[in-house]
Amino acid sequence: MEWTSAQLRSLVELTRQGTVTAVAKALGYTPGGVSQQIAALEKSTGMELLRRVGRRVELTDAGMTLAAHAERILATEAEAVEALERTRTEISGTLRIGLFTTAAAEILPPALRRAREVHPGLTVRSRDMDVDDVYDAVAGGAVDLALGLDYPDVPIPRDPSLCVLPLSRERFSLAVPADAMPGRKTASLAEMREEGWILPSADSYYGRAVLTACRRAGFEPRVLHEVTDTAATLALVETGVGVSVVTDLMLRLRASRLDVIGLREAMERHIVVVVRSAAEHRPTVAALVEVLRSAAFARTGHRRGAERSD
């Protein structure tokens, strides 16, 4: 039997995602491409690996058996790549990094400049994606590592196949229309109970984190505008149609005429690097993680590289 890593990765991702469309999104393929990968596996094995159930697909017993072995095969492959990289005398090769919009604008550029200076043989290819998708993208092998966000109130699920390495933390403040609260330096969430809010979907980690904080303060936020894009959120606050929460990094995405008021409650988000456990010590991966840490340290003035969460 002959198969490729891409074919095995598509099969493994089906066990996580459940639909060909979701697998395609996670791995950066087209749905047709994923179907071709699975069809090629079925041809190679001579067995039916999945069956269609309504709009979803499910793996057959043969498919589940091969998927379990495929995870081990891919892990062994990652270990082999790491071992080969260690025989090099310099850091070189290509890495794929997934990242969300804010990180793409504020963290990646200085990190790439630094990478070119210290590791000229390292090529970095980036892919912009929804922040809640980066974990599946790393687990599925669509990218080698990714910048993500973790919220203490709504932590991301800890998958033993992934390492979550903290880079920095940011505290949230309130973003309110200009002159809406003249002279105020700080405010509590409870004081915002009567305001209209601009928030992302409650299905997102960010949305759930804000909802959790508001409920802890004793109220349910009245969401008038459900918006994912940070720049759009700032623009809406600027026009006076609602309030939101922001961090310093978010504010740098768009120059806006609004007021930022300190939030009395300690509400934070953590910027993290997500890597596969099997690839954490690959020289190229470790080198890029260190560069990202340096970029985060230069931006925030404090280093958190010694911490780790698996």
Side-chain angles (χ1 to χ4, degrees), residues 4-6 9 26-28 74-131 133-150 156 159 161-170 248-249 252-253 270-310:
T4 67
S5 298
R9 193 166 286 117
L27 297 182
L74 292 171
T76 300
E77 181 184 87
E79 291 171 1
V81 171
E82 178 183 332
L84 285 172
E85 284 192 1
R86 285 181 174 175
T87 66
R88 296 174 178 167
T89 57
E90 65 177 28
I91 300 298
S92 63
T94 299
L95 287 179
R96 302 159 299 162
I97 182 171
L99 62 167
F100 57 100
T101 302
T102 313
E106 295 293 335
I107 298 176
L108 187 63
L112 290 180
R113 284 194 295 270
R114 179 61 178 164
R116 285 197 298 268
E117 292 172 359
V118 297
H119 304 299
L122 181 63
T123 299
V124 180
R125 299 184 183 278
S126 64
R127 177 180 166 193
D128 188 24
M129 57 181 63
D130 186 283
V131 67
D133 292 337
V134 302
Y135 311 102
D136 285 339
V138 175
V143 293
D144 297 297
L145 69 166
L147 286 172
L149 292 172
D150 197 17
I156 59 175
D159 185 330
S161 70
L162 299 178
C163 293
V164 180
L165 310 173
L167 284 186
S168 63
R169 65 170 53 143
E170 293 192 306
D248 289 343
L249 189 60
R252 293 174 64 175
L253 281 181
H270 299 169
I271 300 175
V272 299
V273 180
V274 185
V275 300
R276 289 190 298 279
S277 298
E280 181 188 3
H281 299 294
R282 279 176 55 188
T284 51
V285 172
L288 184 54
V289 168
E290 185 56 33
V291 166
L292 290 167
R293 282 176 171 156
S294 296
F297 175 70
R299 187 179 63 80
T300 63
H302 62 88
R303 179 180 287 269
R304 304 186 67 220
E307 299 183 30
R308 168 184 169 138
S309 177
D310 295 320

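One is the number of the first residue; the rest follow in order along the sequence. Every value quoted in this text rests on a predicted model; they were computed, and no experiment measured them. FYI, side chains are in, hydrogens and waters are out, and symmetry mates aren't considered; it's all heavy atoms of this structure.
Atom OG of Ser126 is separated from atom CG of Leu95 by 12.0 Å, given to the nearest 0.5 angstrom. Rounding to the nearest 0.5 Å gives a distance of 10.0 Å between CE of Met129 and CD1 of Ile97. In this structure, OG1 in Thr123 is found 13.5 Å from CZ in Arg96, a value given to the nearest 0.5 Å. Atoms CZ and SG, from Arg276 and Cys163 in turn, are 11.0 Å apart once rounded to the nearest 0.5 Å. Note that OG of Ser161 is 11.0 Å distant from CG of Leu74, once rounded to the nearest 0.5 Å.
Here salt bridge (Lys or Arg N to Asp or Glu O under 4.0 Å) pairs that include residues 117-131, with residues two or more places apart or in two chains, are Arg114-Glu117.
Taking each heavy atom of Ile91 and Ala287 in turn, the nearest pair found is CG2-CB, 4.0 Å. Contact detail for Ala142 and Ala26: the closest heavy-atom pair is CB-O, 2.8 Å. Contact detail for Ala78 and Ala278: the closest heavy-atom pair is CB-CB, 3.9 Å.
With contacts defined as side-chain heavy-atom distances shorter than 4.5 Å, the pair Val291/Leu122 does not qualify. Annotation: side chain of Glu77 is in contact with side chain of Arg9 (closest heavy-atom distance under 4.5 Å). Contact of the Arg282 side chain with the Val275 side chain is not registered, since no non-hydrogen atoms from C-beta on lie closer than 4.5 Å. With contacts defined as side-chain heavy-atom distances shorter than 4.5 Å, the pair Thr102/Ile271 does not qualify. Side-chain contact between Arg293 and Leu165: present, with at least one pair of heavy atoms (C-beta onward) separated by less than 4.5 Å. Taking the side chain as every heavy atom from C-beta outward, Glu280 and Ser277 never approach each other to under 4.5 Å.
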Mind running side chain to side chain contact (heavy atoms under 4.5 Å, CB included) on Leu145 and Leu292 for me, showing each step along the way? CA-CA 11 Å; Leu145 69 166; Leu292 290 167; 4.2 Å; yes
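Residues forming a side chain to side chain contact (heavy atoms under 4.5 Å, CB included) with Val274 (at least two apart in sequence, or on another chain): Tyr135, Val138, Leu162, Val272. Judged as a side chain to side chain contact (heavy atoms under 4.5 Å, CB included), and not counting sequence neighbours, the contacts of Thr4 are Ala6, Gln7, Gln37.
Within the 3.5 Å criterion, the main-chain N or O of Ile156 finds a donor-acceptor partner in the side chain of Asp150. Glu170 places a side-chain N or O within 3.5 Å of a backbone atom of Leu249 that can act as its donor or acceptor partner.
Screening Leu147, Val143, Val273 against Leu99 for a side chain to side chain contact (heavy atoms under 4.5 Å, CB included) leaves a single residue, Leu147.
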